[in-house]
Amino acid sequence: MKVEDRIIVALDYDSAAESLNLVKLLKGKVGFFKVGSQLFSAEGPPIIKKIIEMGEKVFLDLKFHDIPNTAAKSAQVAQKMGVSMLTIHTSGGFSMMSAVMSALSSSKPSINRPLVLGVTVLTSLGTPDLQKLGIQDTLSNQVARLGSLAIEAGLDGLVAAPTEVSLIRRHFGSSLLLVTPGIRPSGSPLNDQNRVATAGASIEAGSDHLVIGRPITASSNPVFALEELLTTIKNTNG
Ligand code: C5P
């Protein structure tokens, strides 16, 4: 994989104008642009269409979590919009995940199937939060349990926090796609992220793709920030 393709830029904005400015600046220099619930709630499907028309790939991060029929139909709508990657919650259960995978595979052959990633335990949750949810097991066992279920249901990969990447790789081997948010260049502000790693460390631990938000979007020179990240990744053994 080309180093540039490893980068997913998170378009965490409220407006199409700001998002499309960044897409114009970074066009052809990264693998995917991530549209999450903030931008999608503000701008809806047209923002996806515009990014795709600019020749770029969209990762739709809406983390579907619903009854199997609704989750499957929502994923099919995303597929028709032309997204290349999407997320679902593994805690939606085996039936929900299987329904999504079979709905996407049953679409007309002319429509590419997006890659489907499972979210296990949100990186904002810790062991005390799991206990309050009635889950007595450790966080890593819960991640492993949900990860196994996702693989059984045929998902392509998982969203993995930097601190979970090695564990998941050890557990599930190399065929699984691992996408990692929470990337911070060393010495840069953590913002609200807790479990962070540098781009290089995350690739070395086994991530395929890195989701980068503020290290690029909050930079006064996003192109330079991206180039620095690419250089770090090129200098590591991934
Ligand atoms: O700005 P920053 O680099 O922290 O942005 C990380 C992006 O990854 C955000 O869009 C955030 O919603 C997303 N994300 C995350 N943790 C997860 C899943 C997604 O930070 N577990």
Can you name the nearest heavy-atom pair linking [X] to [Y], along with the distance?
X: Met96; Y: Ala71; answer: CG-CB, 3.5 Å
X: Leu104; Y: Gln79; answer: O-NE2, 3.2 Å
X: Ile47; Y: Ser19; answer: CD1-CB, 4.3 Å
X: Thr90; Y: Ala150; answer: CG2-CB, 3.8 Å
X: Ala160; Y: Pro181; answer: O-CD, 3.6 Å
X: Ala10; Y: Val211; answer: CB-CG1, 4.1 Å

Is a donor on one side and an acceptor on the other found under 3.5 Å between the side chain of [X] and the backbone of [Y]?
X: Glu56; Y: Lys27; value: no
X: Thr70; Y: Asp66; value: no
X: Ser207; Y: Leu210; value: no
X: Ser106; Y: Ala103; value: yes
X: Glu18; Y: Tyr13; value: no
X: Ser105; Y: Met101; value: yes
X: Asp129; Y: Gly126; value: yes
X: His89; Y: Gly118; value: no

Within the 4.5 Å heavy-atom criterion, are [X] and [Y] side-chain neighbours or not?
X: Arg214; Y: Arg184; value: yes
X: Leu122; Y: Lys63; value: yes
X: Pro68; Y: Ser95; value: yes
X: Ile168; Y: Thr120; value: no
X: Leu20; Y: Met54; value: yes
X: Ile8; Y: Ile212; value: no
X: Val143; Y: Asn141; value: no
X: Ile88; Y: Leu86; value: yes

Co-membership, hydrophobic cluster, residues [X] and [Y], 4.5 Å side-chain:
X: Ile183; Y: Ile203; result: yes
X: Leu230; Y: Phe224; result: no
X: Val121; Y: Leu178; result: yes
X: Ile52; Y: Leu62; result: yes
X: Leu158; Y: Val83; result: no

(request) Salt-bridge test for Asp208 and Arg169: reply yes if a basic N is under 4.0 Å from a carboxylate O, no otherwise. (result) yes

(request) Just do the side chain to side chain contact (heavy atoms under 4.5 Å, CB included) check on Leu177 and Leu115 with the steps written out, would you? (result) CA-CA 9 Å; Leu177 201 63; Leu115 293 166; 3.8 Å; yes

(request) In sequence, state the C-alpha distance, the side-chain angles, and the governing distance for Arg113 and Asp156, and then conclude on salt bridge (charged side-chain N to carboxylate O under 4.0 Å, His left out). (result) CA-CA 11 Å; Arg113 180 172 83 67; Asp156 301 290; 2.9 Å; yes

(request) For the residue pair Glu228 and Thr231, confirm or rule out a side-chain donor-acceptor distance under 3.5 Å. (result) no

(request) List the steps, then state whether side chain to side chain contact (heavy atoms under 4.5 Å, CB included) holds for Leu11 with Val23. (result) CA-CA 9 Å; Leu11 297 173; Val23 177; 3.9 Å; yes

At what distance, to the nearest 0.5 angstrom, does [atom1] of [X] lie from [atom2] of [Y]?
X: Glu227; Y: Leu26; atom1: CD; atom2: CG; value: 9.5 Å
X: Ile233; Y: Thr198; atom1: CD1; atom2: OG1; value: 9.5 Å
X: Leu117; Y: Met85; atom1: CG; atom2: CE; value: 5.5 Å
X: Leu139; Y: Leu125; atom1: CG; atom2: CG; value: 8.0 Å
X: Ile151; Y: His171; atom1: CD1; atom2: NE2; value: 8.5 Å
X: Lys49; Y: Glu53; atom1: NZ; atom2: CD; value: 4.5 Å

(message) The test is side chain to side chain contact (heavy atoms under 4.5 Å, CB included); show your working for Glu164 and Ser140 and say whether it passes.
(response) CA-CA 8 Å; Glu164 291 158 5; Ser140 49; over 6 Å; no

(request) Quick one: do Ile51 and Lys57 satisfy side chain to side chain contact (heavy atoms under 4.5 Å, CB included)? Show the steps, please. (result) CA-CA 7 Å; Ile51 299 169; Lys57 289 190 196 152; over 6 Å; no

Under 3.5 Å, side-chain donor or acceptor atoms of residues 29-42 against the rest of the protein: list the pairs with distances, not counting sequence neighbours.
unit_1	atom_1	unit_2	atom_2	d
Lys34	NZ	Asp61	OD2	2.8
Gln38	NE2	Asp14	OD1	2.7
Ser41	OG	Ser37	O	2.6

(message) Using a 6.0 Å cut-off, check whether atom CZ of Phe94 has over 12 heavy atoms from anything other than its own residue.
(response) yes

(message) According to side chain to side chain donor-acceptor pair (under 3.5 Å), who are the partners of Arg145, at least two apart in sequence or on a separate chain?
(response) Asp137, Gln142

